[in-house]
Amino acid sequence: MTTQAPVETTMETKPLLMKVRGMSMSYGAGPAENKILENLDLDVEYGQFISIVGPSGVGKTTLLRCLSGLLKPKAGTIEVSGTKINGPHPDLAVVFQDYSRSLMPWMTTRENVAFPLQGKGIGKAERNKLADEHLAAVGLEGQGGKFPWEMSGGMQQRVAIARALAYNAKVLLMDEPFASVDAQTRFDLEDLVLDLQHKLGVTILLVTHDIDEALYLADKVVVIAEKPATVVDEIVTGFGETRDQLATKADPRFTEARARILVRLRQD
Amino acid sequence: MTNATLNAPAVPSRASKAKAPSSSAAAGRKILVSSWLIVAVVAAWWFGSANSTNFFIPSLESILEALVRDLGNGVIISGAWYSLSNLFVGLALAAFFGICGGLLLGEVPLLLKIVDPIIHFFRAVPQAALVPMIIGVFGMGQGPKMGTIAFACMWPILLNTIDGILGIEPTVRKFSKVYRIPRGLHFRRVILPGATPQIVAGIRVALPIGITVMVVSEMFASIEGLGFYILNSSATFKVPETWAGALLVGVIGYIISILFVLVEKRILRWYHASGAQ
Amino acid sequence: MKESTISPGLLWTLRIVAIAAPLGIWQLVIASGTMPSMLPGVEKIFSAISEALGQAAFWGGLGKTLLAALTGWLIASVVGVVLGLVIGSVRFLDNSTSILIDFGRSFPVLALMPVVIMLLGSNTMMEIVVVALSCLWPVLIQTIYGARRQEAAVADTVAVFRIPPMLRFTKVLLPSALPLIATGVRISSAIAILVAVGVEVISQAPGIGRQITLMQQAQRWDLAFAYLFFAGLTGWAIALLLQQAENRLLKWKRQNDD
């Protein structure tokens, strides 16, 4: 049934993991309607890292909440692996910005990571094993017995990432995941996420207001702007698999893309 | 239903006009949501008990009849007057001694440290156990009942006053000191208002204790008051009157707590408005 | 004002003086004969306290009071927590029940006692029902507050990871509401003892309150005071015990607030 869908990009070669068509979102109704998102299209390929960048207050969080099924869009469709979703889906996991609140303080880090697995009905021994493996993968080997509040902010966000990975979703949605940590920790976490993506082949959709972060991490940057927000530009970065905080950011393509996004956002 | 995309951008005045009827509808829905259960419970009681053959569970109709009759002939009014005057005099005494004692102990930490175990012991004494003691010693007049209520209600007020004073911002105290505010003025205008939210909370805790002790004292030994009315009705097997009395005490308790909330809102306007809680 | 720094030895000496002084005044007042003559002197109360310790009637009464208070309190806690979590997490139920709950909490349940006696008789069962009805409200109300206050981020997390309702109930809603539940449970423990003793004072239900009334009627004022002393001691011990339990159970809460 997708035969008559218009093709707007030229790279319709790989199969699509996630497909968003004509998504609109608003609050209220009638003349008082407050439109947040309008007619938004998005294609996500298997294994791709996509950054969605836009100015503060443009509706990025609303967009991510719609994509994750937490909010029901007023119009349009979201498909994951060819099926339409209505609400949270087992193929989607989310890493929230507010790690200190999205982790449960009454659970140890191991219990936090294992908790969604318990919800899936996985037995205790198996889910603890999976939790420990994923904690090790994010560099927290042997820290499963600690409570989140015994850890630094960066470590807590690693736990949140481990929890999302252990859930074994196909797409990881990240909402400004590094906005509340200091700059050095942020670089470490960015490289960790890139590394995990390559090792595990997971598809990532990251929302940020930071243009550098968006470019550095992504294979494709989607720029959203205007009110109501819609996609105003898409840039395929083409930096390849290995990136470096200094070298990549000094790449002429990086500076050029950055200027292009800045100009695009300033037009509003 | 969401296709409003062709509309022109809304003019604010139009938007607010369009909003008005919908918000009054929302208010109506709110009232409906908050009251349907009460109506349902009363209706269930009314119809469920209408043909009750159990002697001890009379129909709601006969309970209300008894209530209206005894309200009309003054039996309940004089009982309520007796009970409530005991309650309010007792509470007033408790508030006076609780607040004064609390101010003293809160301001003199050494004294607080010394008497701390005593306070905690007296607070832990089940206040209802005092009823036979005090009434046994001082007789069954109104004074001993007021005294029992006062003694029972004093402890939560005392403890909360102390908490309130210990919780006053150190900066506020420093300010008072730096500007050499005289001691009396400092007490009246800084310490007392600063501790008021906690004091009011203490009185709120004391209120149901007071009502409970009031009922116990009248059921234990009295020939007047609402507690006596209930107990006497049950002793003489006037079952609808027993239910009516219990129901009435409940309604009075509810009305007092609503009045209390209204007074509290007024006294603590600054506290709620400043978002200090 | 200034943080007072005195040695623990001196503090305890002063505390003993603070306890001894009113007892001394009591003794003087009794000796002066200005108070009603049935009031016992301090030495009589002390000997009655040791006498009470050897009495089966005292221990039996205390045990019955504790049993009724604890049972009623436990029933109220379980019912209050379960109901409160459900009501607090469903907006519609929360709005629908608010007036009813406000009414219930300001209802002096002891006034209902004669009605309950008519239905159940003057016994421990009746006492448990009255205690449970009185203790229900603080637990219920605090639990509703706790369930209402749930963090948006936690709710989002639960939704995204599709946590099933039962698991959400026991592992998320309950622990996050626990600090407020603990407050409700603590408040109602004091109410449980108060109401249990109150019921015993005004009905024939057996227990320490009944014993106090009996002793007073038998003109054994010294024993009545001794029982009162132990009633206070018991209430104090329960308050301390609950505080300890709460501190242990809510370790994460205090750490998290720092």
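In this text, all values refer to a predicted model and were calculated from it rather than measured experimentally. Proteins get letters first, then strands, A, B, ... in listed order; numbering begins at 1 in each.
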Report task. Please report the C-alpha distance between Leu100(C) and Val41(B) in whole Å, then the side-chain angles of each, then the deciding distance to 0.1 Å, and finally whether the side-chain contact (heavy atoms from CB on, under 4.5 Å) criterion is met. Result -> CA-CA 9 Å; Leu100(C) 207 62; Val41(B) 166; 4.2 Å; yes
Query raised in the report: How about Met219(B) and Pro114(C): do any of their side-chain heavy atoms sit closer than 4.5 Å?
Result: yes
Query raised in the report: What is the distance from atom CZ of Phe107(C) to atom CG of Leu247(B), rounded to the nearest 0.5 Å?
Result: 6.0 Å
Query raised in the report: Do you know the tightest heavy-atom contact between Ser106(C) and Tyr254(B)?
Result: OG-CA, 3.2 Å
Query raised in the report: Does any non-hydrogen side-chain atom of Met133(B) lie less than 4.5 Å from one of Phe225(C)?
Result: yes
Query - Arg15(C) CZ to Asp116(B) CG distance, which is reported to the nearest 0.5 Å - result: 6.0 Å
Requested in this report: Inspect the surroundings of CG in Leu10(C) and state if more than 12 heavy atoms from other residues, nucleotides or ligands are less than 6.0 Å away.
Outcome: yes
Query - Contacting moiety of Trp243(B), where chain C heavy atoms sit under 4.5 Å - result: both
Requested in this report: Give the minimum heavy-atom separation between Leu37(B) and Ser96(C), together with the two atoms involved.
Outcome: CB-O, 3.7 Å
Query raised in the report: Any idea how His120(B) and Trp236(C) line up, ring-wise: parallel (<30°), tilted (30 to 60°), or perpendicular (>60°)?
Result: parallel
**Report entry** Side chain / backbone / both / neither for Ser134(C) at chain B, heavy atoms under 4.5 Å
**Finding:** neither
Query - Enclosure of Tyr145(C) OH (heavy-atom neighbours >12, cutoff 6.0 Å) - result: no
Report task. Name the region of Val215(B), side chain, backbone, both or neither, that has any atom closer than 4.5 Å to a heavy atom of chain C. Result -> side chain
Query raised in the report: Side chain, backbone, both or neither: which part of Pro117(B) has an atom under 4.5 Å from a heavy atom of chain C?
Result: both
Query raised in the report: Is the number of heavy atoms from other residues, nucleotides or ligands under 6.0 Å of Phe260(B) CZ greater than 12?
Result: yes
Query raised in the report: Contact part of Val205(B) toward chain C, heavy-atom cut-off under 4.5 Å: side chain, backbone, both or neither?
Result: neither
**Report entry** Heavy-atom check, side chain of Val115(C) versus side chain of Phe56(B), under 4.5 Å
**Finding:** no
Query raised in the report: At a heavy-atom separation under 4.5 Å, does Phe230(C) approach chain B through its side chain, its backbone, both, or neither?
Result: neither
Report task. Pick one of side chain, backbone, both or neither for Thr242(B), based on which atoms fall under 4.5 Å of a heavy atom in chain C. Result -> both
Query raised in the report: Which residue out of Gly235(C), Ala224(C), Pro108(C), Gly209(C) racks up the most heavy-atom pairs below 4.5 Å with chain B?
Result: Pro108(C)
Query raised in the report: Would one find more than 12 heavy atoms of other residues, nucleotides or ligands at under 6.0 Å from atom CZ of Phe97(B)?
Result: no
Query raised in the report: Do Ile211(B) and Leu110(C) come within less than 4.5 Å of each other through their side chains, counting heavy atoms only?
Result: no
Query raised in the report: What residue, out of Phe122(B), Phe220(B), Phe237(B), has the most heavy-atom pairs lying under 4.5 Å from chain C?
Result: Phe220(B)
Report summary line: Separation between CG (Leu231(B)) and CE (Met113(C)), nearest 0.5 Å, reads 6.5 Å
Report summary line: When the 4.5 angstrom heavy-atom criterion is applied to Phe229(C) and chain B, the contacting part is both
**Report entry** Ile117(C) portion near chain B, given a 4.5 angstrom heavy-atom threshold
**Finding:** neither
Report task. Among Ile212(C), Val201(C), Ile191(C), single out the residue with the greatest number of heavy-atom pairs under 4.5 Å to chain B. Result -> Val201(C)
Report task. Taking all non-hydrogen atoms of both residues into account, name the closest pair between Ile38(B) and Ile99(C) and its distance. Result -> CD1-CG2, 3.7 Å
Report task. Find the distance between CD1 (Ile19(C)) and CD1 (Ile118(B)) and round it off to the nearest 0.5 Å. Result -> 4.5 Å
Query raised in the report: Hey, which of Gly253(B), Ser234(B), Ser34(B) has the most heavy atom pairs under 4.5 Å with chain C?
Result: Ser34(B)
Query raised in the report: Which heavy-atom pair separates Ile114(B) from Ala18(C) by the least distance, and what is that distance?
Result: CG2-CB, 3.5 Å
